[in-house]
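Notes follow once the structure below has been shown.
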Number of protein chains: 2
Amino acid sequence: MSNKKVPESTISRLFLYLREITELAKINIKTISSSELGDRTNLGDAQVRKDLGYFGQFGVTGAGYSIADLKKSLEKILGKDKKWNVALIGTGHLGTALLAYSGFGRHELDIVAAFDADAKKIGKKFGDITVRPISELEKLTKEKNITLSIIAVPAAEAQGVAETIIKAGIECILNFAPVSLNVPEGVKVRNVDFSRELEILSYFAANKGNGRETLK
Amino acid sequence: MSNKKVPESTISRLFLYLREITELAKINIKTISSSELGDRTNLGDAQVRKDLGYFGQFGVTGAGYSIADLKKSLEKILGKDKKWNVALIGTGHLGTALLAYSGFGRHELDIVAAFDADAKKIGKKFGDITVRPISELEKLTKEKNITLSIIAVPAAEAQGVAETIIKAGIECILNFAPVSLNVPEGVKVRNVDFSRELEILSYFAANKGNGRETLK
DNA sequence: AAATGTGAATTATTTCACAGCC
DNA sequence: GGCTGTGAAATAATTCACATTT
């Protein structure tokens, strides 16, 4: 196992591999090679091996990987063997869609509390989750052992909400608001910005085969 | 202007810059330097200049960039000066949240048609959009000049839907389903996978300060 | 024979650093 | 003096290629 810094893209792909072999395990397939796994995830075989290599040696030379073993190892590495509680802030269209998702089992990531600034929404129920005022975030974070948060509020409010989240002691934020959040060292933010994703596609649509080829 | 291949990450950041200077233009600010723009987007000044440099020379040495000019240039480069029509496939929780978003003006990207496989949903109205059967996708694509598509269906159906989209002549897909789509050369796919994003955060939560530092 | 694990080579991206201009 | 534009340097990520193991 190497001791080098693990690229974030590697982590992202490991979840992809895990997802894939979880499907394969269901249909009782026992082993897989790096090139098969690469094909299934649209990646190269060397990429698969290098990614796994950051964390240890999981394969058998000449034979590939045992799906059961690799699955267990990846779950351990990726923190899938523990349950992570999530706070959702913002219960507009997107927030409620996320709540509905979270309801669908299958995830080990559970939204356990929802918050909103809008007084009209406080007290609303989604399944067994009741919407609460943001002022209660800190209290609930302690009570429910919350470690992850989702920001699903309008752009103008996102920075303020982020600060409240951090004050409550949560250090990981999934931000759906289209703004660049400013957070202190040690706080981890990931952005999901689908209007930007769609815009990027429109760039490709606008530049199809005009010689400045960014497509690959 | 360089003639080198433009990294996709550059395109992504250009939209960030454009978003920022659009805000500044509103409050009547006239010029900005690369380092100010970098600060506002949490990027370095050299990164800003290099990104812009792929497309031309927009600044004035010693004085920075004219916001009005840069805004116009970026809109042109990024295809924001044209309107791009979008087809949405899948009108579950997520799909309807996206429809609601699209309704909110401000975007030049318009969902102009929505499709679903579920007979019970056909005919439903969201604002001025009526849900249609997927069999009509190709017809509507021609009629409404659709160039972009959004897949918001369950994972198991995503590949089939992608093939239908491509057959209809659409070459850009924003895929929300948690699967790796297989598409022919020339078709551009971007994936938005928020359960994976949340999982990645959980990895960081699981590995906070354990020596294998992937955080930066 | 097949397929891993991993250094080395390659390619891509970011950051530096500074000449040149306003 | 401040700031752009851009080669060069540094860093990061991917891909190659092969010795090694079963």
Side-chain angles (χ1 to χ4, degrees), chain A residues 1-14 16-17 21 24 29-70 73-74 77 180 200 212-216, chain B residues 1-14 16-17 21 24 29-70 73-74 77 180 200 212-216:
Chain A
M1 157 162 36
S2 112
N3 239 20
K4 296 214 52 221
K5 188 162 78 57
V6 184
E8 197 152 322
S9 48
T10 288
I11 304 301
S12 179
R13 285 188 298 265
L14 289 179
L16 223 50
Y17 306 148
I21 62 176
L24 295 172
I29 295 180
K30 299 300 182 203
T31 61
I32 192 166
S33 68
S34 56
S35 66
E36 286 176 87
L37 190 47
D39 286 349
R40 286 174 170 275
T41 48
N42 291 319
L43 298 161
D45 58 325
Q47 180 85 79
V48 172
R49 292 196 303 278
K50 176 97 359 169
D51 285 339
L52 296 174
Y54 284 108
F55 294 92
Q57 303 182 177
F58 305 104
V60 178
T61 313
Y65 301 87
S66 147
I67 285 185
D69 291 354
L70 184 57
S73 302
L74 285 178
I77 292 163
S180 307
I200 293 168
R212 187 185 287 119
E213 206 50 74
T214 317
L215 301 163
K216 68 160 185 178
Chain B
M1 155 162 40
S2 113
N3 239 19
K4 296 210 53 218
K5 188 164 78 56
V6 183
E8 197 151 322
S9 46
T10 289
I11 304 301
S12 180
R13 285 189 298 265
L14 289 179
L16 224 51
Y17 306 148
I21 61 175
L24 295 172
I29 295 181
K30 300 299 183 201
T31 61
I32 192 166
S33 69
S34 58
S35 65
E36 286 176 85
L37 189 49
D39 287 349
R40 286 174 169 276
T41 48
N42 292 319
L43 299 161
D45 57 326
Q47 180 87 80
V48 173
R49 292 196 301 279
K50 178 88 6 159
D51 285 340
L52 296 174
Y54 284 108
F55 294 92
Q57 303 180 176
F58 304 104
V60 178
T61 315
Y65 301 87
S66 148
I67 285 186
D69 290 356
L70 184 56
S73 301
L74 284 178
I77 292 163
S180 307
I200 294 168
R212 190 185 285 119
E213 205 50 73
T214 318
L215 301 164
K216 68 158 185 183

Distance, rounded to the nearest Å, where B:Q57 contributes CD and D:dG7 contributes C1': 14 Å
With rounding to the nearest 0.5 angstrom, report the CG to CD1 distance, B:L24 to B:I32. 5.0 Å
Interatomic distance, A:I67 atom CD1 to A:I21 atom CD1 [nearest 0.5 angstrom]: 6.5 Å
Could I get a table of every N or O pair under 3.5 Å where one atom is in the protein and the other is in nucleotides 9-12 of chain D?
none

Output the rounded distance in Å from CG (A:L52) to P (C:dG5). 8 Å
Whole angstrom value for the distance that separates C1' of D:dC3 from OH of B:Y65: 8 Å
With the criterion being N/O to N/O and under 3.5 Å, what pairs connect the protein with nucleotides 18-22 of chain C, and how long is each?
| residue | atom | partner | partner atom | Å |
| --- | --- | --- | --- | --- |
| C:dC22 | O4' | B:T61 | O | 3.1 |

Taking CD from A:Q47 and P from D:dC16, how many angstroms apart are they, rounded to a whole number? 11 Å
Is there a donor-acceptor pair closer than 3.5 Å between any side-chain N or O of A:T41 and the backbone N or O of A:L37? yes
Nearest whole Å is fine: how far is C:dA3 C1' from A:K50 NZ? 16 Å
Just grab all the salt bridge (charged side-chain N to carboxylate O under 4.0 Å, His left out) pairs involving residues 50-67 of chain A, residues at least two apart or on different chains. A:R13-A:D51
Set of residues satisfying side chain to side chain contact (heavy atoms under 4.5 Å, CB included) with respect to B:S66, sequence neighbours excluded: B:A68, B:D69
Integer-rounded Å distance: C:dT4 P and A:D51 CG: 13 Å
Show me, pair by pair, the donor-acceptor contacts under 3.5 angstrom made by side chains of residues 42-49 of chain B, not counting sequence neighbours?
| residue | atom | partner | partner atom | Å |
| --- | --- | --- | --- | --- |
| B:N42 | ND2 | A:L181 | O | 3.1 |
| B:D45 | OD2 | B:R49 | NH1 | 3.2 |
| B:R49 | NH1 | B:S34 | OG | 3.0 |

Applying side chain to side chain contact (heavy atoms under 4.5 Å, CB included), name anything that partners A:S33, two or more places apart in sequence or on another chain. A:S35, A:E36
Rounding to an integer number of Å, can you tell me how far B:E8 CD sits from C:dA12 C1'? 13 Å
Among C:dT13, D:dG5, C:dT6, the one nearest any side-chain atom of B:S9 is C:dT13
For residues 30-44 of chain B, which residues have at least one heavy atom under 4.0 Å from DNA chain D? B:S33, B:S34
Using atom CG of A:D45 as one end and atom P of D:dA17 as the other, report the distance to the nearest whole Å. 12 Å
In Å and rounded to the nearest 0.5 Å, what is the OH to CG distance from A:Y65 to A:L74? 10.0 Å
One should read off an interatomic distance between A:F55 CZ and A:L14 CG, to the nearest 0.5 angstrom, of 5.5 Å
What do the steps show when you test B:I11 against B:Y54 for side-chain contact (heavy atoms from CB on, under 4.5 Å), and what is the final call? CA-CA 10 Å; B:I11 304 301; B:Y54 284 108; over 6 Å; no
